[in-house]
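Here's the structure we're looking at; comments come further down.
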Amino acid sequence: MDDPFQIIDEAGNKVGKAPRLKRETLLRMYRAIVSTRAFDDRCMKLQRTGKIGFSIPNRGIEATSVGGAAALDAATDWIAPHYRDFAMMFYHGISLEGMFDNMFGNCDDNAQGRQMPVHFSFLEPIKWMSISSPLGTQIPNAVGIADAMKLRKEKGIVLTTFGDGSTSTLGFHSGLNWAGVKKSPVVFLCQNNQWAISCPSEKQTMSESYAIKGEAYGIPGVMVDGNDVLAVYKVVSDAVKHARSGGGPTLIEAVTFRMGGHSTSDDPSRYVDAALFEKWEKRDPLTRFRKYLIDEGHLTDESAAAIETETADAMMAAAKVAEGKPRPKLGSIFSDVFEAMPKHLETQMEECISHFSDRDEAVNEKGEFPL
Amino acid sequence: MDDPFQIIDEAGNKVGKAPRLKRETLLRMYRAIVSTRAFDDRCMKLQRTGKIGFSIPNRGIEATSVGGAAALDAATDWIAPHYRDFAMMFYHGISLEGMFDNMFGNCDDNAQGRQMPVHFSFLEPIKWMSISSPLGTQIPNAVGIADAMKLRKEKGIVLTTFGDGSTSTLGFHSGLNWAGVKKSPVVFLCQNNQWAISCPSEKQTMSESYAIKGEAYGIPGVMVDGNDVLAVYKVVSDAVKHARSGGGPTLIEAVTFRMGGHSTSDDPSRYVDAALFEKWEKRDPLTRFRKYLIDEGHLTDESAAAIETETADAMMAAAKVAEGKPRPKLGSIFSDVFEAMPKHLETQMEECISHFSDRDEAVNEKGEFPL
Amino acid sequence: MVQAINDGLRSIMKEDESVLVMGEDVGPKGGVFLATENLTKEFGEDRCFDTPLSEDGIIGVGIGMAMNGMKPVCEIQFQDFIFPAFDQIVSEAAKMRYRSGGQYTVPMTIRTPYGGGIRGGLYHSQSGEAYFAHTPGLKVVIPSTPYDAKGLLIASINDPDPVLFMEPKALYRAFRQEVPEGVYEVELSKTREVTPGGDVAVFCYGAMVPVCTEAAKRVKESRNKDVRVVDLRTLMPLDEESVLQAARDCGRVVIVHEAPRFCGYGAELSALIAEHAIETIEAPIKRVAGFDTPFPNTLENYYLPDARRVLDAIEEVLDF
Amino acid sequence: MVQAINDGLRSIMKEDESVLVMGEDVGPKGGVFLATENLTKEFGEDRCFDTPLSEDGIIGVGIGMAMNGMKPVCEIQFQDFIFPAFDQIVSEAAKMRYRSGGQYTVPMTIRTPYGGGIRGGLYHSQSGEAYFAHTPGLKVVIPSTPYDAKGLLIASINDPDPVLFMEPKALYRAFRQEVPEGVYEVELSKTREVTPGGDVAVFCYGAMVPVCTEAAKRVKESRNKDVRVVDLRTLMPLDEESVLQAARDCGRVVIVHEAPRFCGYGAELSALIAEHAIETIEAPIKRVAGFDTPFPNTLENYYLPDARRVLDAIEEVLDF
Ligand SMILES: Cc1ncc(C[n+]2csc(CCOP(=O)(O)OP(=O)(O)O)c2C)c(N)n1
Ligand SMILES: Cc1ncc(C[n+]2csc(CCOP(=O)(O)OP(=O)(O)O)c2C)c(N)n1
Ligand SMILES: [Mg+2]
Ligand SMILES: [Mg+2]
């Protein structure tokens, strides 16, 4: 396979033809990356102080998420996401309050505190399919959503994302093979951050690349520098156009690096060589893009700093609001199992509520997530 | 990908360099094909007369099986087979009586009549792993057997076979990916007979070929004319050598054609174009190989005819013996669930035996397999 | 019954454009049991089509379609082959509504033939209802007559939640029954009283219903006792009240299914009764079930509960 | 408990060269709960190694290894992620001996943490024991103390059949207990009487054992009643006799588990008693279990049975 496609090189210099994007869009992309860092930062603090149980650091891979997100039309397209794609949400303006409601699992959380933090679900402003923990399952789901679009003659396409490790799952195999046969309007974006928790790529697969796995399904595979937001934008946009016009799916491998632990509970020093972090620090997608925007006259050091402060403040404020909200009602344990609550769940709900309402004995609130 | 590798062309002429094989071996290969046809024939008759429930016709794909089988060393190697590989059994001299015991599910069946017909299991003269109905599961099993060989410093390799349709299963994906990473001493032989029951390849996958799917796992892929027994022998032998010497796995696609229904219960005229059968009839692996052997002076029309009669007689005789044996004992329902029979099964066994022993009411013996 | 299912699919597909059928060999071949015969011809490749050989794909893609406005009817060729899709069913279909607070839902139906009766051995005979009934978020439906098969199937397809619709293959061609034309529903979560009676309650479903009915007839003849045979029809959510009522009315209970006994569906029925109606029970609650072994082939008819085994159990609880 | 498991693995690996450990992140990282810490260091990459992210592969390959002379111990990182391997477990591991008439066997152990207690929500908290106990050919073992964890794990690894060894993650670091050095076994299929008593029998396993013990203590204090808490330890094959004996001795029964109640493991216990000991039972057989919903996150501690819920049930059967 060729070298990954690049537009901005590691030093932040333009080395390819940049896609035509309005200043607003470029800044929106930039803000999404900054927001993701600030969100990560806030979540790490919240987890360290025991206020939330868990988060998934996104540091290092934000350009992949933003480049992918920016290629979509929120009015028609869906995202069937991996859990490490916060920057997509920021790019599309998904409610920050809603995100924090989920992190705290409070009563306003779309998932009613049923899911662990970072397992977001939104319908607006873009269809953000509810995140699942079992890996790779979103891939055939995405293909089904896309096939339904075709049957319903909708104009949309589906972008589904997943990690390098997730290419070994059932869903990857069944989803890509199906999409190949059906020419489903879907874009497969593999976030190759080089690790599946502690498992490096050389123990994950011996294929030459992840992109080449498309060959097994008759799907074109493209490799892109995942830390170059414009390059990602470009290849995903091309794939989106291809899918929208009936050309079928594309598999994109964005080569990037997880600049931290798998989650807030993970200690990567047990298994990642420190030199690797140093190497990839130099390719940081945020600094690269900032330099580019400054070079192009879209940003100054001052305006960049202002965005950072503003964003960090917004995170702090939103986290406070979410933290202040009560937990979901007991009844939320029993609703949404089915559309209508069957009798046996009604009975269990009544028992549960009466059991806890007639005492004030505190329940054990401990429990720490290991990973 | 290149054209499938060939040594004997469709007219039976030698077009490539034939591997050096003794006359005995060549005739053993030939006999295995003839036996398979005769076995098919006998089973079809037994099924039509209601004496057995089901069989799997092998007509058309025998060269693939025999070429593959002949590349193995029965003393060290294992076969983790697909269900459509009878010719492998004949080549290795697996007991014909044992095969028919299984077809009738009688008391001498290795599986004690627990499995449907054709789900063979043998330890001798070659390790023939018990056949499962769920497709593709044998693939990771084969990889595990092979990895154990490496750990135990055995010299063996594992040949695992599966159909074109089976490439879409979980087991294909997980097994090949694992073998790629671990360089497992295993050979993957895909019997591309162009159908998965009624599903043709163009609905199964859009990959350029089945062999190319190896790319997804860093495994070399080879295409071979599956109706050319010498060509199959050659590519499988090369792969076996490669695996045995620590070089890792190979994926081989043998291109052939299922010259009949999926099973004795299937009517392919519902979905296969008659012209296709005609086209492939001309590439029949038996006639091709016979012509070659006659040309090379290993066979005459007379000796060929003698082999056929002899083989058909052997089938008839063996089927009779198996038919005459009683059904397995009632207790066989309860043994082999675990090594030692737990109490609850002992109790159930006693209840079952006493229930049926104190009456002579016949149980309903009907039940027809649809496929 | 298989014609009733075919008719049910055809009727609802005519009426509702969002219904589609997919699975292995459901297209030109019409399914291995012919349940989907002629649907591709009548509705085209978009509405009834063959899929790659991947149950994980069939269900995983079906879930996606269901989330985006379709009502897919996914066929799993034999229930024994549903396990590669177990993760998609248990982790995704069953939990989508819950985990998204109702934002995303999966109005999908999974049709699959189950149980013994065709000499299918270990892998073409299993009855896995307990796996699914134990999984919150799934409905489980099993018909025992052509009329119910069509009406319950249409109700399942119209249901807003994922339904596993298990078809007793032993009854596919067992007997004929006229079924009404066009679309009709049989309400989910309602049992059917097959025979009235107050002496013993027999709970069953699917292919065990005729077996139990036969046993009831014999008890009537030999002992003049009236057995209330109850066909559960929907296993989840179960019509618990009518089960408990029958148990209370009769005071004696026999439960029958093909699946292995240990942790089988019958255990739940027994436990429900032991928890809510034990004071009315006058004899051991008997289960007649498949043995706790894999499903054998040659000896299939010794493995499957038959009228005699049910009869023995009924007599035992009567004599207690 | 997690140290006892680590110690158990190390002890048996030292003694038996055919034992190896594999799974996601079990190598250098030592497992997400550190159950396999330092094993790669001590025994090398061949004996303890990370696998690709494929549970189907971990189990499918493990089966092959087990068929060819090894005793693989496969880790599934969370029981919730076992479902992609469900087909290999149910169709292959469980049925290999049966379908080959004992020619091929699968002496494999599958270790997996299960249950609540770490705020893991829907997908890091499930208790799937009933799925596996219902599958003929599998053994299911669940320890509740460090001593048992080590001894049962070694017995499972040495067992000639496939064993699913489920570890209650809530107890991983719950309390300390000295365990003997080196290799020892705790016999499978034997229950453990946690507290003696003849007034109420409480059946439980895993993380519910300390919960039930606490409830028993409170009943003793408040009512001076003696509760026999029985830790099942092996769910399949179950020590049925000791279960029935306890039920008969006490005449009152409470069953406790984390998994959803409907078709849960408790149903089988109840049904066994209702079938074989009903004449000695003086009160409804109560089940205290997880609700019939997916597992919630924020409200996890309202979902999980606690000592108060168990206490209420015990009082209810005492007052009946
Ligand atoms: C089916 C399944 N198996 C195991 C896990 C546990 N697990 C959570 S994240 C993870 C690694 C995922 O790696 P990758 O797909 O590369 O995504 P990344 O975390 O690097 O973004 C694993 C093994 C899971 N969630 N689902
Ligand atoms: C997991 C699974 N799904 C479905 C089936 C039903 N089935 C039996 S054979 C078959 C087609 C297999 O096709 P292929 O792998 O090409 O093998 P062939 O029969 O052509 O030799 C199907 C779908 C099965 N046995 N296992
Ligand atoms: Mg990764
Ligand atoms: Mg085929």
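In what follows, chains are A, B, ... by sequence order, proteins preceding strands, each numbered from 1. Both backbone and side-chain heavy atoms feed into the values below; hydrogens, waters and symmetry mates do not.
For the atom pair N177(A) CG and T51(C) OG1, the distance stands at 10.0 Å (nearest 0.5 Å). To the nearest 0.5 Å, atom CD1 of residue I63(C) and atom OG of residue S132(A) are 9.5 Å apart. Separation of atoms CG (D46(C)) and NZ (K182(A)) is listed at 7.5 Å; rounding is to 0.5 Å. Taking CD1 of I59(C) as the start and OG1 of T137(A) as the end, the distance is 13.5 Å to the nearest 0.5 Å. Annotation: the span from F122(A) atom CZ to Q103(C) atom CD amounts to 7.5 Å, rounded to 0.5 Å. Taking NE2 from H119(A) and OG from S100(C), the interatomic distance works out to 13.5 Å, rounded to the nearest 0.5 Å.
Residue S184(A) does not touch chain C at all, counting heavy-atom pairs closer than 4.5 Å. With a 4.5 angstrom heavy-atom cutoff, I333(A) touches chain C via backbone and side-chain atoms both. Residue D161(C) touches chain A through its side chain alone, counting heavy-atom pairs closer than 4.5 Å. Both the backbone and the side chain of E339(A) come within contact range of chain C, each with at least one heavy atom under 4.5 Å from a heavy atom of that chain. Heavy atoms closer than 4.5 Å to chain C are found nowhere in S133(A), neither backbone nor side chain. For a residue to count as touching a neighbouring chain, one of its non-hydrogen atoms must lie under 4.5 Å from one of that chain's; by this rule K95(C) does not touch chain A. Looking at D56(C), both its backbone and its side chain come within 4.5 Å of chain A, counting heavy atoms on both sides. Using a 4.5 Å cut-off between heavy atoms, L345(A) does not touch chain C at all. With a 4.5 angstrom heavy-atom cutoff, M108(C) does not touch chain A via any of its atoms.
For Y91(A), the side chain to side chain donor-acceptor pair (under 3.5 Å) criterion is met by no residue, not counting sequence neighbours.
What you find for F338(A) and L138(C) is that their closest heavy atoms are CZ-O, 3.5 Å. Minimum heavy-atom separation, M129(A) to M67(C): SD-CE, 3.3 Å. Annotation for F49(C) and W178(A): closest pair CE1-CZ2, 4.0 Å, computed over non-hydrogen atoms. The minimum heavy-atom distance linking P134(A) with D87(C) is given by the pair CB-OD2, 4.1 Å.
R99(C) has its side chain out of reach of S121(A): every pair of non-hydrogen atoms, C-beta onward, lies at least 4.5 Å apart. The shortest distance between side-chain heavy atoms of M65(C) and L151(A) falls below 4.5 Å. Contact check for M149(A) versus N68(C): side-chain heavy atoms found under the 4.5 Å cut-off. P84(C) places none of its side-chain heavy atoms less than 4.5 Å from the side chain of L170(A). The shortest side-chain heavy-atom distance between M96(C) and S130(A) falls under the 4.5 Å cut-off. At a threshold of 4.5 Å between non-hydrogen side-chain atoms, the residues E92(C) and N141(A) count as touching.
Residue with the most contacts toward chain C among A111(A), G175(A), G171(A): A111(A) (heavy-atom pairs, distance under 4.5 Å). Between chain A and the residues P136(C), G69(C), S189(C), the most heavy-atom pairs under 4.5 angstrom are made by G69(C). The candidate with the highest count of non-hydrogen atom pairs below 4.5 Å against chain A, out of A66(C), P162(C), G137(C), P52(C), is G137(C). When each of Q112(A), Q138(A), E154(A) is checked for heavy-atom pairs under 4.5 Å with chain C, E154(A) comes out on top.
The 12-atom threshold is exceeded at NZ of K150(A), counting heavy atoms of other residues, nucleotides or ligands nearer than 6.0 Å.
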Donor-acceptor pairs under 3.5 angstrom involving side-chain atoms of residues 155-162 of chain A: please list them, not counting sequence neighbours.
from: T160(A); atom 1: OG1; to: A80(A); atom 2: O; distance (Å): 2.8
from: T161(A); atom 1: OG1; to: H82(A); atom 2: N; distance (Å): 2.9
from: T161(A); atom 1: OG1; to: D85(A); atom 2: OD2; distance (Å): 2.5

Using distance only, find each side-chain donor-acceptor pair of residues 239-248 of chain C under 3.5 Å and give its atom names and separation, not counting sequence neighbours.
from: D239(C); atom 1: OD1; to: S242(C); atom 2: N; distance (Å): 3.4
from: D239(C); atom 1: OD2; to: T191(C); atom 2: N; distance (Å): 3.2
from: D239(C); atom 1: OD2; to: S242(C); atom 2: OG; distance (Å): 3.4
from: S242(C); atom 1: OG; to: T191(C); atom 2: OG1; distance (Å): 2.7
from: Q245(C); atom 1: NE2; to: D249(C); atom 2: OD1; distance (Å): 2.9
from: R248(C); atom 1: NH2; to: H276(C); atom 2: O; distance (Å): 3.0

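Along residues 9-20 of chain C, the residues that come nearer than 4.5 angstrom to chain A, judged on non-hydrogen atoms, are L20(C) in order of number.
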